[in-house]
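Convention: sequence-line order gives letters A, B, ...; per-chain numbering from 1. Fair warning: this is a prediction, and the values are worked out from it, not measured in the lab.
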Amino acid sequence: MAEVFLPKGMRDLLPAQMIPRLAVIDTVRGVFRRFGFEPLETPAMERIETLMGKYGDEGDKLIFRVLKRGEGGERGEVDQALRYDLTVPLARVVAMNPALPMPFRRYQIQPVWRADRPQKGRFREFTQCDVDICGSESPLCEAECLAVASAALTELGFRDFTIRLNDRRILAAMAAAIGAPDRLMSMVTAIDKLDKIGEDGVRKELAQHGFAEDAADSLFAMLNGGHIPGIEAEDAGLDVIISHAQALGVPAGRVVKDRMLARGLDYYTGPVYEIVVTEPKIGSIAGGGRYDELIGMFSGRSVPAVGVSLGLERIFVVMEELGMLGAAASATEVFVTRFAESTLTETLQAAAALRAAGVATSLSLEGGKLGKQLKQADKLGARWALVVGPDEAKQGLVQLKDLRGGGQESLSLAEAIARVQQAR
RNA sequence: GUGGGUGUAGCUCAGUUGGUUAGAGCGCCAGGUUGUGGCCCUGGAGGUCACGGGUUCAAUUCCCGUCAUUCACCCCA
């Protein structure tokens with residue numbers, strides 16, 4: 001075997017993967033459009049200072065850095081980086097384009113890169129499908145995000161998924177209530193593991209981070225529904241989001257408030273959410289939240305914003321494992337065989353006519369034995385094969401062979417085209 | 001960044017308690033005569049047993065390292 005390797009955590013997408021993938025992307029894009037979001041694309045790279053300091057320490061470490069060109073690169077200097085998500089580039093775009101009509105609703109489906117160690121459902125290059133709304137503080141924004149994500153997943157065939165909902169300010173209030181407002185993140189990462197390591201495990205981890213036992217006690221009391229001082233407004237806000245989302249079509253019960261939901265990225269300021277499936281253990285397939293300060297970090301002009309991001313690769317892993325994809329169809333509908341030199345012109349004209357009629361048509365380039373050509377068509381996964389030999393050419397007909405069912409018949413070209421079109 | 005698994009034919013994997021010519025299934029190629037795939041039959045090609053070092057009379061098999069890959073942790077889509 002050849003001694004060549006892909007970059008770690010990156011993959012080729014062969015036709016068998018691309019065909020269902022494009023179908024999924026088409027579905028998602030269609031839902032985004034239906035919800036009134038506008039398309040946007042941004043460059044693969046950003047300036048390093050655009051990305052740094054937005055995601056937190058963990059995130060910053062995982063940014064793929066690009067060396068300066070020329071002498072600076074030789075000295076190891078970095079001035080650019082591959083984008084880590086689609087949210088920060090969007091914030092940069094909004095900051096640079098003050099003329100954009102607000103609120104600005106955009107969708108963006110593009111790859112992002114993270115220098116993570118790959119594992120199941122995790123890659124170094126993966127595609128995010130984002131929708132965001134910039135310029136509005138209304139809780140309708142959150143509701144729209146939940147509704148569009150829910151609709152996209154539903155249209156893809158997902159039935160069993162849950163949206164966990166929380167608010168960063170509720171977490172902050174809990175940290176304050178146990179006297180550790182400065183250690184919000186270590187508290188959050190500890191409780192985030194509750195379903196994995198249990199209450200005892202979390203208590204142990206909290207102790208390691210220097211939380212006193214009575215602090216842990218009151219923390220668990222709050223997590224289990226106890227009173228958290230000063231979060232009445234935020235808590236009510238979550239209920240408003242839920243009721244708006246339901247009115248927008250999200251089934252009741254799909255959105256659940258969850259005081260343990262943390263979300264690691266630094267830029268979130270208010271409500272946060274993520275979408276999880278129970279079946280394959282894959283983490284979240286979507287996540288998002290409100291980030292009212294991010295755009296202001298670029299322009300000084302504060303612009304509130306909310307978004308949600310669907311992880312295409314994870315959605316794919318789930319769909320594969322749950323058998324939601326169905327058989328991969330070939331891109332080719334008709335394979336035109338090349339029978340004899342004397343009828344090559346008629347053969348090529350037949351291919352041209354099929355293509356003009358919108359039929360995906362491939363063509364035997366090398367010719368050779370008819371049996372071999374049919375085998376090639378079969379392996380390709382083509383539905384039909386077309387033969388134009390001397391017998392057919394004499395009568396002005398073509399031979400259309402059904403590679404799935406079996407039979408074949410002599411038809412005029414127009415009849416053959418009609419047959420192919422009505423069979424799909 | 002941390003910890004574990006794996007690396008034998010194009011693919012999925014057997015196997016050698018260290019010992020002459022390393023196997024299977026699938027795939028591939030050719031054939032089963034004249035213009036027909038999927039099934040069947042026959043024949044064939046294809047492997048430095050990841051790479052480097054060590055132990056040994058002898059290593060694909062044991063040990064170490066490197067590389068690759070995979071799973072988990074962290075974090076995340």
Side-chain angles (χ1 to χ4, degrees), chain A residues 1-11 28 55-63 84-87 109-130 149 153 185-186 188-190 192-193 196-197 201 205 261-266 268 272-277 281-288 307-318 335 337-340 342-343 364 367-393 399-410:
Chain A
M1 81 184 78
E3 287 295 314
V4 289
F5 304 99
L6 284 124
K8 186 190 287 298
M10 302 191 182
R11 304 164 308 152
V28 170
Y55 305 107
D57 292 342
E58 287 289 335
D60 285 355
K61 276 185 226 159
L62 300 181
I63 293 171
Y84 178 91
D85 69 358
L86 302 179
T87 303
I109 301 174
Q110 286 195 279
V112 302
W113 294 268
R114 297 184 186 177
D116 228 339
R117 287 275 282 266
Q119 57 182 283
K120 182 173 181 178
R122 155 180 285 175
F123 305 94
R124 287 185 157 192
E125 177 180 57
F126 62 97
T127 296
Q128 292 195 320
C129 310
D130 276 35
L153 290 171
M185 283 319 286
S186 57
V188 153
T189 54
D192 196 41
K193 295 178 204 165
K196 261 181 201 160
I197 61 179
E205 177 150 340
L261 174 69
R263 312 243 76 226
L265 302 182
D266 267 11
Y268 292 121
V272 290
Y273 33 83
E274 67 180 30
I275 300 180
V276 291
V277 291
K281 289 206 68 144
I282 192 98
S284 56
I285 57 174
V308 65
S309 177
L310 289 100
L312 194 61
E313 276 67 20
R314 290 208 176 155
I315 285 172
F316 239 89
V317 169
V318 174
F335 186 89
T337 61
R338 179 176 167 182
F339 186 75
S342 60
T343 55
S364 172
K369 282 191 173 179
L370 187 57
K372 201 176 165 185
Q373 294 185 46
L374 289 171
K375 195 168 183 175
Q376 190 185 344
D378 188 49
K379 263 189 298 192
L380 197 59
R383 172 73 202 274
W384 309 91
L386 196 81
V387 183
V388 187
D391 296 349
E392 291 79 20
Q399 191 82 222
L400 182 68
K401 184 177 176 67
D402 183 346
L403 291 173
R404 222 177 285 167
Q408 63 179 33
E409 46 189 331
S410 291

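- Protein atom CD1 of Ile282(A) is 18 Å distant from nucleotide atom P of rC75(B), rounded to whole Å.
- Nucleotides of RNA chain B nearest to Leu62(A) and Arg404(A) differ in position, and the one nearer the 5' end is that of Arg404(A).
- One C1' atom belongs to rA68(B), the other to rG52(B), and the distance between them is 15 Å to the nearest Å.
- Across all strands shown, Arg114(A) has heavy atoms under 4.0 Å from base atoms, whether or not it also approaches the sugar-phosphate.
- Gln128(A) places no side-chain N or O within 3.5 Å of a backbone atom of Ile109(A) that could act as its donor or acceptor partner.
- Using atom P as the reference point in both rG47(B) and rG23(B), the two lie 14 Å apart (nearest Å).
- Formation of a donor-acceptor pair under 3.5 Å by the Arg114(A) side chain with backbone atoms of Leu62(A) is not found in this model.
- In terms of heavy atoms, Gly368(A) sits closest to Gln373(A) at O-NE2, 2.8 Å.
- The base of rC75(B) sits with one of its N or O atoms less than 3.5 Å from a complementary donor or acceptor on the side chain of Arg122(A).
- By the stacking rule of 5.5 Å between ring centres and under 30° between planes, Phe5(A) does not stack on the base of rA68(B).
- Base contact: Leu370(A) has a heavy atom under 4.0 Å from a base atom.
- For the residue pair Asp60(A) and Tyr84(A), no side-chain donor N or O sits within less than 3.5 Å of a side-chain acceptor on the partner.
- Ser309(A) places no side-chain N or O within 3.5 Å of a backbone atom of Asp130(A) that could act as its donor or acceptor partner.
- Using a 4.0 Å heavy-atom criterion, one finds that Ile275(A) contacts no nucleic acid atom at all.
- Side-chain atoms of Gln373(A) stay outside donor-acceptor range of the base of rG35(B), with no qualifying N/O pair under 3.5 Å.
- Taking atom P on both rA77(B) and rG18(B), the two are 50 Å apart, rounded to the nearest angstrom.
- Taking the C1' atom of each, rU8(B) and rU12(B) are spaced 12 Å apart, rounded to whole Å.
- Within 4.0 Å (heavy atoms only), Gly56(A) reaches no atom of the nucleic acid at all.
- The side-chain hydrogen bond (donor to acceptor under 3.5 Å, both in side chains) analysis of residues 399-410 of chain A, with sequence neighbours excluded, yields the pairs Arg383(A)-Asp402(A), Glu392(A)-Gln399(A), Gln399(A)-Gln408(A), Gln399(A)-Ser410(A), Glu409(A)-Arg419(A).
- Remark: the separation of the C1' atoms in rC51(B) and rC29(B) is 31 Å, to the nearest Å.
- Atom name C1', nucleotides rG10(B) and rU16(B): the rounded distance is 24 Å, in whole Å.
- For Leu265(A) and Asp402(A), each mapped to the nucleotide of RNA chain B holding its nearest heavy atom, the one lying further toward the 5' end belongs to Asp402(A).
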Below 3.5 Å is the cut-off: list the nitrogen or oxygen pairs between protein and nucleotides 29-31 of chain B, distance only.
residue, atom, partner, partner atom, Å
rA30(B), OP1, Lys372(A), NZ, 3.4

> Could you write out RNA chain B as a dot-bracket string, with dots for unpaired bases, | for bases paired across to another strand, and Watson-Crick or G-U pairs counted at under 3.5 Å?
Replying inline: (((((((..((((.....[...)))).(((((.......))))).....(((((..]....))))))))))))....

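- Within 4.0 Å of Ala286(A), counting heavy atoms only, lie sugar-phosphate atoms of the nucleic acid but no base atom.
- Taking the P atom of each, rC62(B) and rG15(B) are spaced 13 Å apart, rounded to whole Å.
- Base contact: Val387(A) has a heavy atom under 4.0 Å from a base atom.
- When atom types are taken as modelled, the side chain of Arg314(A) and the backbone of Ser284(A) share a donor-acceptor pair closer than 3.5 angstrom.
- In this structure, Ser364(A) contributes its side chain and Gly367(A) its backbone to a donor-acceptor pair below 3.5 Å.
- Taking atom P in both rA9(B) and rG65(B), one finds a spacing of 24 Å when rounded to whole Å.
- Glu205(A) comes within 4.0 angstrom of no nucleic acid atom, judged by non-hydrogen atoms across all strands.
- Using a 4.0 Å cut-off, some side-chain N or O of Gln119(A) falls inside it from OP1 or OP2 of rA72(B).
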